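Atoms within each ligand, like the ligands themselves, are counted from 1 in listed order. Since the structure is predicted, the reported quantities are computational estimates derived from the model, not experimental observations.
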Amino acid sequence: METAEIQRRFLKFFESNGHTVVPSAPLPAFEDPNLLFVPAGMVPFVPYFLGQATPDWNRATSVQKCIRTPDIDEVGKTSRHGTFFQMNGNFSFGDYFKEQAIRFAWDLTTGSVESGGLGLDGDKIWATVYLDDDEAIDIWHKQIGLPLDRIVRRGQADNMWSMGIPGPCGPCSELYYDRGPDYGPEGGPEVDEDRYLEFWNLVFMQNLRGGGPAKEGYEVTGDLPKKNIDTGMGMERMAALLQGVDNMYETDQVRPIIDKASELTGKRYGVSTSHTASESHPDDIRFRVIGDHVRSSLMLIGDGVVPSNEGRGYVLRRLMRRAIRAVRLLGYDKPAMPELLPVAMERMSAAYPELRTDFERISSYAYGEEEAFLKTLKHGTTILDTAVSETKTEGGKTLSGSKAFELHDTYGFPIDLTLEMAEEQGLSVDQEGFRKLMTEQRQRAKADAAARKTGHADLSAYWQLLQEQGPTDWKAYETLETESRVIGLLKDGQSIPAAKAGDIIEVVLDRTPFYAESGGQHADAGKLVGPSLFAEVLDVQRPVKKLVVHKVRVLEGELVIDDKVEASVDHEWRLGARQAHSGTHVVHAALREVLGPTALQSGSFNRPGYLRLDFSWRSKLSDETRSEIEEVSNRAVRDDLPVAVKYMTLPEAKDFGAVALFGETYDETVRVVEIGGPWSRELCGGTHVSHSAQIGPLVLTAESSVGSGQRRVEAATGMEAYKYLARERDLVSQIAEEIGAQRGDVLERVRAILQRTKDAERELATLQAKAVSGRAAEFAAAAKQVGAVKVAAVQAPEGTKGGDVRNLAMQIRGHLPEDQPGVAAVVATAGGKASIVVAANKAAQAQHVSAQALVKAALSGKGGGNDEVAQGGGVPADQAAQLLAAVTGAISA
Ligand code: ATP
Ligand code: MG
């Protein structure tokens, strides 16, 4: 049975049993600051389970796209772990419970294919239950008829579900399918989870848990008022069972990618004859990694993730790089993504048609990333080879941890690649040193994340406020002032009753005109004023949906719960914010007009006077392109285009041509901001001007790279743009005045000045050289007799350059009598180091006085040259005199 058919049957079964079909949420977990990606089908329903929102239905079913990054290392080594997979679920919100949930799962799984079921053999199914959940055992045994020896009791870690924090929890019951003795030893899931394949997990959400360890060892503190059901059936695992293949990578949605990779590399998949994944040939594991990761990358980019060096983008990058490397290890050197990605798209677009319509964008990211990584590999390989040969020359056997780290950090070279390539050349790698540096880096990253605003903080106090007081009455679109009541005061995430002058605290109001930071727009600035209160608003965030929180510094008076205050946004600030945000849309539209529709924004930030916009583009923008974008932007300002705000559903917005920027939430109704009709249409919750001319001038101030395939433009807007231009003008005026030129002639004059300086420097160098060599005869005359040899030991005048030192030594030697052994030794100092040049004449060489031997004597073995002239250096400058003494000493010896 094809995966698409399993999906159809699953949804149909639950729909005909009164469930509402809910579409999958996108992979990035936008609503939960603690998650990068949705790892399970229940995640989009969390607010309903927590009682923070009430759904329109009490039964739902979905096929949810999931990513589990912790499973990445299992891919290909077990038969059942994908980074991307689809979880089919049925959910009950205070409606049916344990008995019905078990019944549904059993009926669908074992129901005959003809009657719409999945047709699995019930005699091969095992069930696990939580230790003391006798109720579940009874249902399985007495109502379903499962024999007791196929019902297994398991502990908290395996069979008690919670979200890892205080909140709902409950026992679960998992369904396993026995795949037979070819797949491993007898004895049930306790013995072998690859032979006994878990395919469905039923969670009976009935209790509350307390704090403590996330998985095991916490206390169950009470019962939920309303019991819920949350289940998850792994669609890939079910497909593997129904298609009679050994593992999830050989199912109809993934296997064609493996076959394509096999065709490209000329290597055969399935070298191992065993059914057990853990006994596979390394090449087979690589094939599965390719199949899994290529599909996951497709799905991630499809949902708006772009490769980058942090967060979600980094997960994507890592998956792509692992896939690309596996292809290389199988012996294929050319770009593989253009071959593999379309195969994945063909397989997945039946269920996700947007993958096909959006494939140009998706593939351009994927191919660009591969290109960049191949360059990295090439470049990194050179660095690695150099490091390896250096290590070997020094007689080492271990590549240093810092080198491995540098390769990783600077060149994006994965450590396993470094390990493998070093090993090929007979070296091991100091992994401990590497890990230490990685940990340090991670700690720095963590500190950064902690410093961010609501990062990964405990949000429970906000949830509680929202539950008790309801959503903030948010007036940012309508007014700049409201009469408000203080309904919450918090410090460090804890409620407090009051605050006094000097305190910095968080304030929740029943109603607010403040714009909370979102969609790239900075929070509003302003104040809260009461009869005796004066407080400055420092920041405004929405830590949980629909609750606006003001970070405030109390300057005068006191702030107490229930106080009435006047909340007012700084008018100037808001005007600047509107200019900057509309400016961002204008620059985005201009970028796309000039560069084409693939120059899609991937992130932005704006505050009064400033905006920046990150977009996908491979190469640096030329000066002409920058000017063109700036000109198109300013033309749009001059044309005074109307700015309109419209509300519609997401599909309507897409039809309308609005640029859907991922990272936005998928609410029922979306807000579209358009400038000049179709010229610029974006989903956006920001505050905007009403006509483009109000934006004022737009000046591009910078263009730079922010990671591979991503560029950033920055611009000044409004008064700041004017000030920026005024500063540049003043600068030119000052330069003109300084060099005594007309403004129009500045550039030419500066060039002329630079040329004159260069000429003067050259002339000076020649004069200095002359001055030094002019003294050669004088130095020669002062030579001392050391044994049979005339020795001119000279400290060159300060500032003598390298080449001149050598010339001086040669000239002094020329002035020494030819018929007598003579040696000129010249030391010079520069940059804190001393160097020496020694020149010996013919007569000296005939007496076996060698310039090279003398230099080596002075520099304890270092230096180079021949019997006639030799040189060396690198010792501290204050040893210059000792070098000369050493040469003299060596001659006399
Ligand atoms: P396992 O112990 O096999 O890793 P799990 O206990 O982590 O599974 P659950 O969290 O209970 O799995 O998820 C519910 C269902 O989702 C599982 O029964 C399984 O069918 C499926 N599933 C979980 N993780 C994966 C994965 N990485 N790839 C494919 N399917 C998965
Ligand atoms: Mg797991």
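The atoms of ligand 1 that sit less than 4.0 Å from any heavy atom of Asp71 are 24 (N), 26 (C), 27 (N). Residue-ligand proximity, Met87 to ligand 1, at heavy-atom distances under 4.0 Å covers atoms 13 (O), 14 (C), 16 (O).
In this structure, Tyr352 and Phe84 have perpendicular ring planes: the angle between them is above 60°, well past the 30° mark. Under the 30°/60° scheme for interplanar angles, the aromatic rings of Phe49 and Phe45 are found to stand perpendicular.
Atom NZ of Lys124 has 12 or fewer neighbouring heavy atoms from other residues, nucleotides or ligands inside a 6.0 Å radius.
At a heavy-atom distance under 4.0 Å, atoms from both the backbone and the side chain of Arg80 approach ligand 1. Residue contacts with ligand 1, taken as heavy atom pairs separated by less than 4.0 Å, involve Phe85 solely via side-chain atoms from C-beta onward. The proximity of Arg68 to ligand 1, defined as any non-hydrogen pair under 4.0 Å, is limited to the side chain. Residue contacts with ligand 1, taken as heavy atom pairs separated by less than 4.0 Å, involve His81 via backbone and side-chain atoms alike.
Considering backbone and side-chain atoms together, Met233 places no N or O closer than 3.5 Å to any N or O of ligand 1. For ligand 1, one of its N or O atoms has an N or O atom of Gly234 under 3.5 Å away.
Separation of atoms CD (Gln156) and CD (Glu219) is listed at 10.0 Å; rounding is to 0.5 Å.
Between His281 and Phe287, the gap from one ring centroid to the other reaches at least 6.0 Å.
Defined by atom type and a distance below 3.5 Å, a donor-acceptor pair is present between the side-chain atoms of Trp140 and Ser173.
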